[in-house]
Amino acid sequence: MTIESTEKDETVAGTIFPEATVKTDAIDRIHAPSREEFTREYVYKRKPAIITGLMDSWPAMERWSLDYFREHFGDLDIHANLQRLDNELILGNVGGFRGMKLSALLDEIEKNTDDNRAYYLRAYPVHRMVEHFPGLADDYDLPDLAPNWADIRFKANWRTGTVNPAKLLGLYLAKTFLNRGGGKGAPRETVSSRVAAVMFVGSKGTVTPFHSDGMQTAAYLSQVVGRKRCYFVSPDQHEKLYPRPFRRQFGMAQVDYRRPDLTRHPRFKDVVVEETVLHPGETLYVPSGYWHAIEAMDTSISYSHQIVGEDNALGWLTCIPERYLAQMYFKSQGGLRNVTGAKDWDDWA
Ligand SMILES: O=C(O)CCC(=O)C(=O)O
Ligand SMILES: [Fe+2]
């Protein structure tokens, strides 16, 4: 494993919020780590990283473009996230959503010249795209760095003689919960991932405000087109981000990091932020519970996949009963419609 130095000239440290501490060399950029190193140094230490060399053979690197999405998915009905970048943006209020065909959104992305507006297909379930055009599943592959129960191809190894019942229960639940909803008619082998995988297609400037992923899952964010600026806040600092209730279900910061109001959110001034830039061909590893905010620096296409493994399985399992309460709460607050445009989790999946 080699740790490469980050490109300092691309940093905008200081523009985020002048008084917050922004570290620009905290996120390692690692090249094709071994499973052991990755598991030891990043998964178990819950340390974010950018991994290079995982996507070199992905056909997506050649194929994916706005035109490719127009050709294969143009007539998909989607909810487009229309962002006004001069408004307050927090997760739960990332801007309006409008139902349209994906082709209409791609037109908006292409012709946008207003720096204050951004257009986003936000976290669209990949399984729906694969059902529409099965060839998509050939374009990407999941990193084989640590066992991932949310990867539909992952199988517990029955033959080793070390079958762990907790692991099998977790695996069963992961498959049941992460793969439920939608796409029942699709042949399983063509659907390499269901709701565990989501697609992001957007214009320069899209913002995903600070959050930690739902149900303590970790994530791989594989960047195919364009660059994304990524900010991180470690889980132990969550109070400085003023999370909404049910933080473990879905961590949603109430402070807008782009223009924080320190009278409402005074603890934000003590936050330590880690910043890096994700380039095409690179995969961002976001550990379980780690807060992150992401801005597109260019027109961007990314594929994100959730991870449930031994390090976060317990957290994930204990979220399941709480999920129903959280669902009621989020429904009462406008639900996931404010994050992905979907009515609620079931509609989204
Ligand atoms: O790229 C984005 O806009 C958000 C990605 C994200 O939050 C994730 O993959 O978990
Ligand atoms: Fe996320």
Side-chain angles (χ1 to χ4, degrees), residues 27 46 48-51 54-55 64 78-83 85 89-95 97 105 109 118-126 140 142-143 148 150-151 178 193 195-235 238 241 243-244 247-253 257-258 274-280 282-308 312 316 336 338-341 345 348:
I27 308 296
R46 299 239 166 120
I50 285 182
I51 315 162
L54 295 181
M55 298 165 64
W64 290 7
I78 53 113
H79 289 99
N81 181 201
L82 314 177
Q83 295 194 305
L85 303 178
L89 293 177
I90 52 173
L91 211 74
N93 182 17
V94 290
F97 286 88
L105 174 68
I109 292 173
Y119 298 84
Y120 214 8
L121 177 66
R122 171 182 291 284
Y124 190 84
V126 170
Y140 52 83
L142 273 171
N148 182 5
D151 178 349
L178 291 173
S193 49
V195 75
V198 289
M199 192 77 81
F200 295 85
V201 182
S203 64
K204 176 179 171 176
T206 56
V207 173
T208 295
F210 268 113
H211 67 284
S212 56
D213 287 352
M215 297 187 72
Q216 305 288 293
T217 54
Y220 295 119
L221 180 66
S222 300
Q223 190 61 17
V224 178
V225 173
R227 295 163 302 161
K228 277 182 162 170
R229 192 179 299 288
C230 312
Y231 298 108
F232 298 93
V233 169
S234 54
H238 69 259
L241 294 178
R244 287 171 71 179
R247 167 174 62 82
R248 280 161 28 90
Q249 283 292 327
F250 201 160
M252 295 164 135
Y257 72 97
R258 294 154 62 250
E274 298 155 347
E275 181 204 325
T276 192
V277 174
L278 181 68
H279 295 87
E282 297 181 337
T283 300
L284 179 68
Y285 172 67
V286 184
S288 164
Y290 225 93
W291 295 84
H292 49 291
I294 296 184
E295 301 168 0
M297 299 165 70
D298 307 298
T299 299
S300 160
I301 303 178
S302 339
Y303 169 93
S304 173
H305 199 288
Q306 289 176 287
I307 309 167
V308 179
N312 62 342
W316 184 83
L336 272 192
N338 290 329
V339 180
T340 67
W345 273 316
W348 181 54

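Numbering of ligands and ligand atoms starts at 1, following listing order.
Put simply, CG on Asn81 and OH on Tyr119 are 11.0 Å apart, with the number rounded to the nearest 0.5 Å. Remark: Ile50 CD1 to Leu278 CG distance equals 5.0 Å, nearest 0.5 Å. Taking CG of Leu241 as the start and NE2 of His211 as the end, the distance is 12.0 Å to the nearest 0.5 Å.
Ring planes of Phe210 and Tyr231: tilted class, angle from 30 to 60°. Aromatic ring pairs are classed by plane angle as parallel below 30°, tilted from 30° to 60° and perpendicular above 60°; the pair Tyr220 and Tyr285 is tilted.
The immediate protein surroundings of ligand 1, defined as residues with any heavy atom under 4.0 Å of it, consist of Tyr120, Phe200, Thr208, His211, Asp213, Leu221, Lys228, His292, Ile294, Ser304.
No side-chain heavy atom of Pro48 sits less than 4.5 Å from a side-chain heavy atom of Val286. Ser302 has its side chain within reach of Lys228: a pair of non-hydrogen atoms, C-beta onward, lies under 4.5 Å apart. Contact annotation: the side chain of Thr208 approaches that of Arg122 to within less than 4.5 Å [non-hydrogen atoms, C-beta and beyond]. With a 4.5 Å cut-off on side-chain heavy atoms, Trp291 and Met252 do not count as touching.
Take a cut-off of 2.8 Å around the Fe ion (ligand 2): the protein N, O or S atoms inside it are His211 NE2, Asp213 OD1, His292 NE2.
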